[in-house]
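The next block holds one structure in the form of structure tokens; read it before the comments.
Throughout, a chain's letter reflects where its sequence line sits, starting with A, and its residues are numbered from 1.
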2 protein chains.
Amino acid sequence: MSITIRDVAERAGVSVTTVSRALNGTGPVSPDVRRRVEAASSELRYVPHGTARSLITRRTDVFGVVLPDLFGEFFSEVIRGMDPRAQERGYHLLLSGSHDGRREIEFAVGAMRGRVDGMIVMSPGVSGARLEGCLPPDVPVVLLNCDVSGTAFSAINVDNYGGALAMTRHLMAMGHRRVGMINGAEGNFDALERLRGFRAAVAEAGGAVQGSEAPGDFTEAGGYRAAGELARAADPPTAIFCANDSMAVGAISALRARGRRVPDDVAVAGFDDVPIGRYLSPSLSSVRVDVNRLGARAVELLCHAIAGDAPPAQELLPTELVVRRSCGGGGDDPPFPQDFR
Amino acid sequence: MSITIRDVAERAGVSVTTVSRALNGTGPVSPDVRRRVEAASSELRYVPHGTARSLITRRTDVFGVVLPDLFGEFFSEVIRGMDPRAQERGYHLLLSGSHDGRREIEFAVGAMRGRVDGMIVMSPGVSGARLEGCLPPDVPVVLLNCDVSGTAFSAINVDNYGGALAMTRHLMAMGHRRVGMINGAEGNFDALERLRGFRAAVAEAGGAVQGSEAPGDFTEAGGYRAAGELARAADPPTAIFCANDSMAVGAISALRARGRRVPDDVAVAGFDDVPIGRYLSPSLSSVRVDVNRLGARAVELLCHAIAGDAPPAQELLPTELVVRRSCGGGGDDPPFPQDFR
DNA sequence: TTGTATGCGTTATCAG
DNA sequence: CTGATAACGCATACAA
């Protein structure tokens, strides 16, 4: 059994109410009593029991975060973006990862009821409309990278469509007339949006550009396999756009194994712009996504939802084209980060 | 205001107690009543209030995880290792990242009192002995990658020393007589242990091998800078061991920029064996650390500590030497993962 | 099989 | 300025 506020009260010779007031700075307390309470508290090494406090204050100071299985550094970076922002505002993060499908999400969300002041939910497999049915009505929610068409949730999404559109346009502008795309995991929302951007760009060109597609799964191995598939075609593409960087790395490896040079024979581009990309050889062209900021922004939106000081907003996180050597751009290979003199 | 157990009781026309019993399966309930309760519960979309329940059951079903600022994929992978294991056992993870120094840890730990059933604490900057003073006596704790000499905590540590020793020995066995090391972040426990392994291996060789060291910080940029420093020496090393893979990538990039070939002129090895390593060119030799398993094991130790079915254990997570092309080994570059036929 | 009463640790309310 | 008391939502010993 651990030290409670009553132990402190007894030791200080006052009531629990007074201890609460003295420690929380709420209400008036005489200097003498305050000192006695503080002494007793620290001698006993008393720490308030968060759960009990939450029950009455109706605040938990915790945000629930429900994430699916995530690929690569995304998981890491999104949490890294959230945690400092949350901490600034006095919140901790209650994590629940590895969820797919409505049933699991529903369960995770349920388990969080009464333990969190708000939730950030990412479920690229489940649409916002379906989520609406299983989310508690009394807790503010921000959706992350979900299909939110027709829902009233606050949400922040990566501009997957815009990024893919821009990169594909760039490849075509470089003169490529046969452009391939290696898709992300099947059914994944990000993957779908990136594909949509690719197709839109190809469609813009009318019949002038021939687009081809190969299935992928966001892994290096998947990119390796898919690149081989594309390369075996009768008229293989001269540029390959991969739905993420991991697959781009696999793709480059596969092309090299088949004796094709990057970017001389085939241009390759990725999506995400992972930190290591600029150090690869050739350095990797990619669509930069500031995942960190994505997480941070989600926390901010949630804070607004809780404070009620702003209407629900559905935002798009802009992406940025990063052209390096792997697609023949005027890149910076080898790299010289700014702090190298 | 949200739905409580009383609302369900009213709607089902029974007492609160009966609802509790029916829903939790504790105690006898007539089939008829059970059905009525379940109906009312789902119609009202009732979800028990975790906080309130915790107060009386004295279980929160939450593990606290206190992590420092972490480099690269470590953060991601360690959580990825913990989460599924924790979930298997019905626990969620309450995260508190970005902590350094005793004060901050102490604060984070305090904020978790009463909200968690156990804690996993990683504080490479603070020794277990010092931690002992600020950790609550009534909550089970597992230490992760800490200096635990002389403490009674359960702990799991990466075998940094053994891994660095083995890799340095390997480099010497390849015939290198001038071996350099690029260190990790200053004061970091992992970094210190890896350095200790390096020095031990060099010492074993007597005067036959000349070891040199350069400060680093676990980042690509730091590795780039440090490699330049080592290369500028009068007798530059013919092999460079980097305290992690990120720095190895930076180092290779720097050496290439100076016109030195890897591994022909200089061998390079890293530590961690990040997934992308085998796809680099040249593929990266490294000391494999199964961070995922590290997290999983920490959760298991914590479960044992809670159940009291095993004495506190201080374990070492074994590492594995992965020799690829970057240090001239008979590596597998380009890579052909097994599933490529 | 069901209900009543009590308590978990804390803060809020209202008297003193 | 201080203290007794209720309440938060739930589970449990005990009574019926």
Side-chain angles (χ1 to χ4, degrees), chain A residues 1-38 40-41 44-62 110-117 136 138-139, chain B residues 1-38 40-41 44-62 110-117 136 138-139:
Chain A
M1 180 79 135
S2 94
I3 307 294
T4 79
I5 197 173
R6 305 177 58 149
D7 300 316
V8 179
E10 240 170 79
R11 178 153 185 142
V14 295
S15 75
V16 280
T17 309
T18 302
V19 175
S20 175
R21 275 198 281 252
L23 261 30
N24 294 323
T26 154
V29 176
S30 81
D32 174 48
V33 169
R34 157 158 288 131
R35 255 184 302 114
R36 288 219 313 278
V37 169
E38 273 165 1
S41 168
L44 263 34
R45 312 192 63 230
Y46 165 73
V47 181
H49 194 283
T51 299
R53 166 185 275 162
S54 297
L55 197 52
I56 183 95
T57 58
R58 303 189 150 288
R59 301 194 61 217
T60 61
D61 303 313
V62 172
M112 285 189 172
R113 135 114 218 259
R115 339 197 76 125
V116 301
D117 296 339
D138 57 334
V139 36
Chain B
M1 180 78 136
S2 95
I3 307 292
T4 80
I5 196 173
R6 304 177 58 154
D7 301 316
V8 179
E10 240 171 78
R11 177 155 187 140
V14 295
S15 76
V16 188
T17 310
T18 303
V19 175
S20 174
R21 275 199 281 253
L23 261 30
N24 294 324
T26 154
V29 175
S30 81
D32 175 47
V33 170
R34 156 157 290 129
R35 252 184 304 114
R36 286 219 315 277
V37 169
E38 274 165 0
S41 167
L44 262 35
R45 312 195 58 234
Y46 166 71
V47 181
H49 194 281
T51 299
R53 165 186 270 157
S54 297
L55 197 52
I56 186 134
T57 58
R58 304 194 147 287
R59 301 192 63 219
T60 62
D61 303 314
V62 171
M112 285 187 171
R113 137 115 214 261
R115 337 198 79 125
V116 301
D117 296 339
D138 58 333
V139 37

Quiz item: Under 4.0 Å: is that the gap between some side-chain N or O of A:R58 and OP1 or OP2 of D:dA7?
Solution: no

Quiz prompt | Cationic N near anionic O, under 4.0 Å, B:R11 to B:D7 | solution = no

Self-check item: Residue-phosphate contact under 4.0 Å: B:R53 side-chain N/O, D:dA11 OP1/OP2
Solution: yes

Quiz item: Between C:dT11 and A:S20, is there an OP1 or OP2 to side-chain N/O distance shorter than 4.0 Å?
Solution: yes

Practice problem: May I have the distance from A:R115 (atom CZ) to D:dG9 (atom C1'), rounded to whole angstrom? | Solution: 12 Å

Quiz item: Considering only side-chain heavy atoms of B:H49, which listed nucleotide, D:dT2, D:dG9, C:dG9, is closest?
Solution: D:dG9

Quiz item: Across the strands shown, which category fits B:V16 at heavy-atom distances under 4.0 angstrom: base, sugar-phosphate, nothing?
Solution: nothing

Quiz item: Within the side chain of A:T60, is there an N or O that forms a donor-acceptor pair under 3.5 Å with the backbone of A:S54?
Solution: no

Practice problem: Check every strand shown and say whether A:S30 touches a base, only sugar-phosphate, or nothing at a heavy-atom separation below 4.0 Å. | Solution: sugar-phosphate

Practice problem: Using whole Å, report how far CZ of A:R21 lies from C1' of C:dA12. | Solution: 10 Å

Exercise. Send over the distance from B:L23 CG to D:dT12 C1', rounded to a whole Å.
Key: 16 Å

Quiz item: Once you round it to whole Å, what is the distance between C1' of C:dG7 and CD1 of A:I5?
Solution: 16 Å

Quiz item: In whole angstroms, how far is the C1' atom of D:dA11 from the CZ atom of B:R6?
Solution: 14 Å

Quiz item: Between C:dT10, C:dT2, C:dC14, which nucleotide gets closest to the side-chain atoms of B:P28?
Solution: C:dT2

Exercise. To the nearest Å, give me how far apart CG (B:N24) and P (D:dG9) are.
Key: 17 Å

Quiz item: Quick one: does B:S41's side chain have a donor or acceptor within less than 3.5 Å of a partner on B:V37's backbone?
Solution: no

Practice problem: Calculate the interatomic distance between B:I56 atom CD1 and D:dA11 atom C1'; express it in whole Å. | Solution: 4 Å

Practice problem: Using modelled atom types only, decide if a donor and an acceptor are shared between the side chain of A:T51 and the backbone of B:G114 within a distance under 3.5 Å. | Solution: yes

Self-check item: D:dG3 phosphate, OP1 or OP2, under 4.0 Å from A:T17 side-chain N/O
Solution: no

Quiz item: Using a cut-off of less than 4.0 Å, is there contact between a side-chain N or O of B:T18 and OP1 or OP2 of C:dG3?
Solution: yes

Quiz item: Which of these nucleotides, D:dC10, D:dA4, C:dT2, is closest to any side-chain atom of B:V29?
Solution: C:dT2

Quiz item: Below 4.5 Å, heavy atoms only, C-beta onward: do B:R21 and B:V33 meet side chain to side chain?
Solution: no

Quiz item: In whole angstrom, what separates A:R59's CZ from C:dT11's C1'?
Solution: 14 Å

Practice problem: Between A:A52 and B:V14, just flag the one whose closest nucleotide in DNA chain C comes earlier from the 5' side. | Solution: B:V14

